[in-house]
Amino acid sequence: MRIRIVDAFTARPFTGNPAGVLLLDDAFPDGDRLQNIALEVNHAETAFAHRLPADGEADWALRWFTPATEVNMCGHATLATAHVLYSTGAHEGPVRFATRSGVLIATPGEDGSITLDFPTAPLTPVELPEGVAEALGAEPLTAFDTGPNIGDLLLELADEKTVHALRPDLKALTAYSERGVIATARAENPDLGYDFVSRCFFPNVGIDEDPVTGSAHTALAPYWSERLGRTDLTGLQASPRSGLVRTGLRGGRTLLTGSAVTVIEGELLA
């Protein structure tokens, strides 16, 4: 079985968000085996995919695992899987993935980018939870629940500098959402090529800080589109590895566009 490590939402190796990708010959093995492989890979997510019969509603079945658990949605590992399908010739044109979050579509662009079609996260304003400012290390301006597919608490902070400077108490953050916390702010200088900035902390699923989170941008896109008055935006995820996600709000769907590069290819022996 071939295993690949792909850096997603970047065109340069060793930046963006790395994901393990395994294309299976047959149906998924038991969940314990998939979880053990994801733990061995030890990246934010490892994606497993296998081809489905022709003429169905989807072309490939896709599942995602962090080192600790299976998740309902993952953008960067979906982008990485589509990149592997295209770069190896396993699939051409738009690819439909059957997932826990329904059928998700990836479409290759002429410039080498890939666009994902994901459900837009429903945003529900909530009262600022007691203690979250202390856990995060900054006072949020607003708080939103992002719905069941993502399971995050979205917090807008005062400015971009505050987002960059965050040093949260990760253990304390586990009390405030199912997956984690998205901290965001308006870009200080849009001339630099991005409209908003974010960081994502997911200690509940074994990820202290995710480098670039496609799924979080299904919540960030509607949030910032409403405030900035535009449906097409670019987000910078300001993790140490960093990466850009181009977003397009299309009502109940959000388009996520980025590039990917394969950095490691090998064979799974166990």
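What you are looking at is a predicted structure, and each value in this text was computed from that prediction instead of being measured.
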Would you confirm whether [X], through its side chain, and [Y], through its main-chain N or O, come within 3.5 Å as a donor-acceptor pair?
| X | Y | answer |
| --- | --- | --- |
| Y176 | D152 | no |
| S101 | N72 | yes |
| E45 | H76 | no |
| T66 | V205 | yes |
| T10 | D7 | no |
| D145 | T124 | no |
| N204 | T174 | yes |
| R199 | A183 | no |
| T218 | T120 | no |

Members other than L228 in its cluster, when Ile, Leu, Val, Met, Phe, Trp, Tyr link by side-chain heavy atoms under 4.5 Å? L123, F144, L154, I182, F196, L220, Y223, W224, L233

In chain order, what residues pass the side chain to side chain contact (heavy atoms under 4.5 Å, CB included) check against A11, with sequence neighbours excluded? S259

Sequence neighbours excluded, which residues qualify as side chain to side chain contact (heavy atoms under 4.5 Å, CB included) partners of S242? L236

How long is the straight-line distance from [atom2] of [Y] back to [atom1] of [X], given to the nearest 0.5 Å?
| X | Y | atom1 | atom2 | result |
| --- | --- | --- | --- | --- |
| E265 | I3 | CD | CD1 | 10.5 Å |
| R230 | S225 | CZ | OG | 8.5 Å |
| D159 | H164 | CG | NE2 | 9.5 Å |
| D59 | H91 | CG | NE2 | 4.5 Å |
| Y86 | T81 | OH | OG1 | 11.0 Å |
| R250 | D117 | CZ | CG | 10.0 Å |

Any side-chain heavy-atom pair from [X] and [Y] closer than 4.5 angstrom?
| X | Y | answer |
| --- | --- | --- |
| P18 | V263 | no |
| F201 | L166 | yes |
| R179 | I150 | yes |
| L34 | T46 | no |
| P119 | R253 | yes |
| L79 | L256 | no |
| V197 | E188 | no |

Shared ILVMFWY cluster between [X] and [Y], side chains joined below 4.5 angstrom?
| X | Y | value |
| --- | --- | --- |
| I207 | V181 | no |
| L136 | F202 | no |
| M1 | F65 | yes |
| F9 | I105 | no |

Determine whether the aromatic ring centres of F48 and F28 lie less than 6.0 Å apart. no

Report the C-alpha separation of H217 and S198 in whole Å, then their side-chain angles, then the decisive distance to 0.1 Å, and conclude whether the side chain to side chain contact (heavy atoms under 4.5 Å, CB included) test is met. CA-CA 9 Å; H217 283 76; S198 67; 4.1 Å; yes

Testing the 3.5 Å rule here: is there a donor-acceptor pair between the side chains of [X] and [Y]?
| X | Y | answer |
| --- | --- | --- |
| T107 | T115 | no |
| S87 | R4 | no |
| H83 | T262 | yes |

If you draw a 6.0 Å radius around CZ in R227, do more than 12 non-hydrogen atoms from other residues or ligands fall strictly inside? yes

Using a strict 4.0 Å threshold on nitrogen-to-oxygen distance, state whether R241 and D210 make a salt bridge. no

Check the pair R2, E267 against side chain to side chain contact (heavy atoms under 4.5 Å, CB included), reporting the backbone distance first and the verdict last. CA-CA 5 Å; R2 304 301 293 174; E267 185 176 357; 3.6 Å; yes

In sequence, state the C-alpha distance, the side-chain angles, and the governing distance for T99 and W64, and then conclude on side chain to side chain contact (heavy atoms under 4.5 Å, CB included). CA-CA 9 Å; T99 77; W64 313 279; 3.5 Å; yes

What verdict does the side chain to side chain contact (heavy atoms under 4.5 Å, CB included) test give for E40 and N36, after you've listed the backbone C-alpha separation in whole Å, the side-chain angles of each residue and the deciding distance to 0.1 Å? CA-CA 6 Å; E40 189 76 10; N36 284 333; over 6 Å; no

